[in-house]
Trainee: 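Here's a structure for you.
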Amino acid sequence: MRVATWNVNSLKVRLPHVLQWLAQREADATPIDLLCLQELKLPDDRYPLAELDAAGYSSLFTGQKTYNGVAILARKASVPEGRDVVKNIPGFDDEQQRIVAATYDVDGGPVRVISAYIPNGQALDSDKFVYKLRWLEALQAWLTSELAANPRLMLLGDFNIAPEDRDVHDPKKWEGQNLVSPEERAAFRAMQGAGLVDAFRMFEQEDKLFSWWDYRMFGFKRNAGLRIDHIMLSPELAKLCESCHIDRVPRTWDQPSDHTPVVAALRSA
DNA sequence: ATGGCATTGAAACAATGA
């Protein structure tokens, strides 16, 4: 089973990219079974359900006009429809649509999948940063109970956190800033403390691999990026993980998202 | 120190992203 996460920065604009990527992976015999999307930037009634269904994927999503919005796509040929759907963090009052979760009964048993768009935070002295830390605290509490109930759990998404300096193109320049601050990194480590494993770091990786590059100042051409999109696996799923890589190809296409997909492969049992 | 680029909603440019 192959799972992936991709912040598409508008599903309206990026739908052709998503369809092309999924079709390409299918043609290469490395199909994506579950794909978590973030930053749909469209309300539920404008979600491209029919187009994705025609491409072979069922969808669970929670949308929002202009901002946020998350989805989980499941490849119909290999994954049944999700059940026990949760939108947003239970008990955490939030206008912003940043979480969708569901259980998928795949080979080997049920898997709890969470697609998350963690708040950006903007700047350490902003209200948005306060919101980010509150949101992360609520996520952590919810994750603890979800992990207790679902030993096979995966959390995929745009975390807006570069966990370590090696996930930053220029750590000196970024030191202490939003996305790399000690508070955010502590929240990331708390998730690891709860048992979640960063799939990417289970394996030897080249230096300077990132999942996001700024549109400005030729960020991608200069590889001036950050690794802020992550696939986190519970211990039971980490045992099954065979590989994890960042697929830079969609970032090279015309009118790309500023993020590119992260992919992990898991044995079925 | 600032803006640089992209997207949205709205109909010019402000808000947001990271």
Side-chain angles (χ1 to χ4, degrees), chain A residues 5-18 21 36-48 61-71 94-99 115-136 139 156-188 200 208-230 246 248 250-262:
Chain A
T5 183
W6 192 3
N7 178 326
V8 290
N9 185 21
S10 168
L11 185 55
K12 178 188 161 196
V13 176
R14 235 63 68 185
L15 179 61
H17 301 66
V18 172
W21 187 62
C36 294
L37 300 179
Q38 301 86 34
E39 280 208 90
L40 308 181
K41 293 188 172 181
L42 40 77
D44 284 355
D45 61 7
R46 296 194 30 215
Y47 186 91
F61 56 93
T62 182
Q64 182 183 333
K65 190 167 113 174
T66 312
Y67 303 118
N68 310 310
V70 288
D94 195 358
E95 303 276 295
Q96 304 186 25
Q97 303 305 303
R98 296 181 174 278
I99 289 275
S115 178
Y117 178 42
I118 291 173
N120 173 282
Q122 197 169 70
L124 270 60
D125 59 357
S126 70
D127 291 345
K128 294 193 178 71
F129 192 78
V130 175
Y131 166 68
K132 181 177 194 171
L133 294 184
R134 277 186 55 240
W135 198 97
L136 282 164
L139 176 66
L156 305 87
D158 176 359
F159 283 59
N160 275 312
I161 301 172
E164 301 176 59
D165 277 354
R166 59 179 167 162
D167 302 311
V168 179
H169 70 96
D170 186 348
K172 276 271 190 297
K173 182 179 164 188
W174 279 85
E175 190 173 3
Q177 295 202 55
N178 189 43
L179 311 181
V180 307
S181 73
E183 296 96 319
E184 294 161 82
R185 287 178 168 177
F188 189 86
F200 186 80
K208 306 280 181 194
L209 293 181
F210 307 120
S211 65
W212 168 87
W213 300 263
D214 202 310
Y215 284 124
R216 300 165 292 188
M217 303 290 286
F218 305 102
F220 185 61
K221 193 187 282 185
R222 294 190 296 123
N223 197 31
L226 303 174
R227 192 176 70 92
I228 54 177
D229 300 88
H230 307 300
I246 295 169
R248 292 167 54 97
R251 190 63 173 76
T252 69
W253 294 342
D254 283 346
Q255 205 179 2
S257 169
D258 43 357
H259 299 250
T260 209
V262 183

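Hydrogens, waters and symmetry mates play no part in the numbers below; they use all other heavy atoms, side chains included. The model shown is predicted, which means the values in this text are computed figures rather than measured ones. Below, read A as the first sequence line, B as the second, and so on, with proteins coming before strands; counting in each chain starts at 1.
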Trainee: How do A/Trp212 and A/Pro256 order along DNA chain B: which one's closest nucleotide is nearer the 5' end?
Mentor: A/Pro256
Trainee: Taking the same atom, P, in B/dA6 and in B/dT2, what whole-Å distance lies between them?
Mentor: 23 Å
Trainee: Give, ordered by number, those residues of residues 218-230 of chain A having at least one heavy-atom distance below 4.0 Å to an atom of DNA chain B; if nothing qualifies, reply none.
Mentor: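 Correct list: A/Leu226, A/Ile228.
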Trainee: 5' to 3' on DNA chain B, which nucleotides open and close the contacts with chain A (atom under 4.0 Å from a heavy atom)?
Mentor: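 The protein-touched segment is B/dG4 to B/dA18.
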Trainee: Does atom CG of A/Asp45 have more than 12 heavy-atom neighbours from other groups under 6.0 Å away?
Mentor: yes
Trainee: Using a heavy-atom cut-off of under 4.0 Å over every strand shown, decide if A/Gln177 touches base, sugar-phosphate, or nothing.
Mentor: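 Counting heavy atoms under 4.0 Å across all strands, no contact is made by A/Gln177.
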Trainee: Can you check the distance between B/dA1 and B/dA12, where both ends of the measurement are the C1' atom (answer in whole Å)?
Mentor: 26 Å
Trainee: Heavy atoms only: give me the nearest A/Pro119-A/Tyr131 pair and the separation to one decimal.
Mentor: CG-CE2, 3.5 Å
Trainee: Are the charged groups of A/Arg134 and A/Asp94 less than 4.0 angstrom apart, N to O?
Mentor: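 Looking at A/Arg134 and A/Asp94, the cut-off is not met.
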Trainee: Could you check A/Lys65 against A/Ala123 and say which one's nearest nucleotide on DNA chain B is further toward the 5' end?
Mentor: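 The residue closer to the strand's 5' end, by nearest nucleotide, is A/Lys65.
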Trainee: Checking A/Asn178 against A/Asn120: is there a side-chain donor and acceptor pair closer than 3.5 Å?
Mentor: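 Side chains of A/Asn120 and A/Asn178: pair found under 3.5 Å.
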Trainee: Under 6.0 Å from the ring centre and within 45 degrees of the ring axis: does the NZ or CZ of A/Arg227 meet both conditions for the six-membered ring of A/Phe210?
Mentor: no
Trainee: Begin with the C-alpha distance, continue with both residues' side-chain angles, and end with the deciding distance and a verdict on side chain to side chain donor-acceptor pair (under 3.5 Å) for A/Asn223 and A/Trp213.
Mentor: CA-CA 7 Å; A/Asn223 197 31; A/Trp213 300 263; 2.9 Å; yes
Trainee: For A/Lys132, which of A/Glu183, A/Glu184, A/Gln122 qualifies under side chain to side chain donor-acceptor pair (under 3.5 Å)?
Mentor: A/Glu184
Trainee: On a whole-Å scale, what distance lies between the C1' atoms belonging to B/dA15 and B/dA10?
Mentor: 13 Å
Trainee: Touch check for A/Tyr117, heavy atoms < 4.0 angstrom, all strands: base, sugar-phosphate only, or nothing?
Mentor: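 A/Tyr117: backbone/sugar contact only, no base atoms under 4.0 Å.
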Trainee: Please work out if A/Asn7 contacts a base, only the sugar-phosphate, or nothing of the nucleic acid, heavy-atom cut-off 4.0 Å.
Mentor: sugar-phosphate
Trainee: Which part of the nucleic acid does A/Asn160 contact within heavy-atom distance under 4.0 Å: base, sugar-phosphate only, or nothing?
Mentor: sugar-phosphate
Trainee: Please name the pair of heavy atoms, one in A/Gln255 and one in A/His17, separated by the smallest distance, quoted to 0.1 Å.
Mentor: O-NE2, 3.0 Å
Trainee: Just checking A/Trp253 against A/Trp21, ring centres under 6.0 Å apart?
Mentor: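 No, ring centres 6.0 Å or more apart.
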